[in-house]
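Atoms within a ligand are numbered from 1 in the order they appear, just like the ligands themselves.
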Amino acid sequence: MTRVMIVEDAEAAGEAAAELIQAALATRPEPVLGIATGSTPLTSWAALARRRLELGRVRAFALDEYLGLAPGHPQSYRAVVDREIVRPLGLDPERVQTPDAADPVHGPARYEEAIAAAGGIDLQLLGIGRNGHIGFNEPGSSLASATRVALLSEETRRDNARFFGSLDEVPTRCITQGIGTIRRARRLLLLAFGEHKATVVAAAVEGAVSASVPASAIQLHPDATVIVDEAAASGLVYSAYYRASWLETA
Ligand code: GLP
């Protein structure tokens, strides 16, 4: 089932997310965290870093990686993950994997195998694109998809151009965990902030489960939590129900 938590702002969401992540990491001696890039998870990483946990044994797998960037490019997700997640949290870089952009032929299947060999992902953090993508699973992606090479939509390339010098510099392809891969994580935690995410959050949480809104796949997951700020929650029809349910189970 999907639990929806509506909080005041991204800071409060970061604290709530850190609490859930800490609890999930405490369930196994060598826990596995599914990490996401993008601006949305930043307050969660900051809140987690403030807790000064010993995270040296945590394994982590990123959702996705661009193809076609020079190795070490500052906007490659490997570089972003190292800069924004590994260093601030004190993770062991050797235990943190991103899809292998150097091997688009065999890399995707090997990534699936590595996740399975680590015992599966305990908690997968997710952001959501304005078009409903999770990872880089664009609208039209199968809800059973595996890690694979995929094309970025024009909309996503335009949204992500802010991280690059120009639209032309944004890669056109990527390797992304599939929606089927994401659904195999034991818990999902999707975060979204801001009015510009309100329509897609409502579609993902309350709309039809459909390849047209890849994030709607969370509705099929037995243990999914969505944390949104008031602005991102503004399109939800059942927000009073979510608030009451959360108080009931807290
Ligand atoms: C990118 C990433 C997604 C992320 C999305 C939203 O395209 N591949 O994993 O969720 O952007 O980004 P933001 O959190 O910056 O809104």
Legend entry - Nearest candidate to atom 9 (O) of ligand 1, where distance is taken over non-hydrogen atoms, out of Ala62, Gly135, Cys174, Gly194: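 Closest candidate by heavy-atom distance is Gly135.
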Less than 4.5 Å apart, any side-chain heavy atom of [X] and any of [Y]?
X: Tyr241; Y: Leu236; answer: no
X: Arg130; Y: Val200; answer: no
X: Arg148; Y: Asn137; answer: yes

Considering only non-hydrogen protein atoms, determine which one is nearest to [atom] and report residue, atom name and distance to 0.1 Å.
atom: atom 11 (O) of ligand 1; value: His133 NE2, 3.7 Å
atom: atom 16 (O) of ligand 1; value: Lys197 NZ, 2.8 Å
atom: atom 15 (O) of ligand 1; value: Ser39 OG, 2.6 Å
atom: atom 8 (N) of ligand 1; value: Asp64 OD2, 2.9 Å

Inset, instruction - State whether Arg157 and Glu138 are salt-bridged, where the test is any N-O pair (Lys NZ or Arg NE/NH1/NH2 against Asp/Glu carboxylate O) under 4.0 Å. - result: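 Salt bridge: no.
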Inset, instruction - State whether Glu19 and Arg51 are salt-bridged, where the test is any N-O pair (Lys NZ or Arg NE/NH1/NH2 against Asp/Glu carboxylate O) under 4.0 Å. - result: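 Yes, Glu19 and Arg51 are salt-bridged.
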Inset, instruction - Could you tell me which residues satisfy salt bridge (charged side-chain N to carboxylate O under 4.0 Å, His left out) with Arg187, sequence neighbours excluded, listed by chain and number? - result: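 Only Asp223 meet the salt bridge (charged side-chain N to carboxylate O under 4.0 Å, His left out) criterion with Arg187.
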In ligand 1, which numbered atoms sit nearer than 4.0 Å to a non-hydrogen atom of [X]?
X: Tyr77; value: 1 (C), 2 (C), 8 (N)
X: Gly127; value: 10 (O)
X: Arg162; value: 15 (O)
X: Gly38; value: 14 (O), 15 (O)
X: Ile128; value: 6 (C), 10 (O)
X: Thr40; value: 13 (P), 14 (O), 16 (O)

Inset, instruction - Examine the proximity of ligand 1 to Asn160 and report which part, side chain or backbone, both or neither, has a heavy atom under 4.0 Å away. - result: side chain
Legend entry - ligand 1-proximal atoms of Ala36, by part, heavy-atom distance under 4.0 Å: neither
Legend entry - Exceeds 12 heavy-atom contacts within 6.0 angstrom, atom CZ of Arg173: no
Legend entry - Intermediate values then yes/no, side-chain contact (heavy atoms from CB on, under 4.5 Å), Tyr77 and Leu63: CA-CA 9 Å; Tyr77 280 171; Leu63 278 171; over 6 Å; no
Legend entry - Chi angles and distances behind the side chain to side chain donor-acceptor pair (under 3.5 Å) call for Thr181, Glu112: CA-CA 8 Å; Thr181 319; Glu112 290 281 345; 2.6 Å; yes
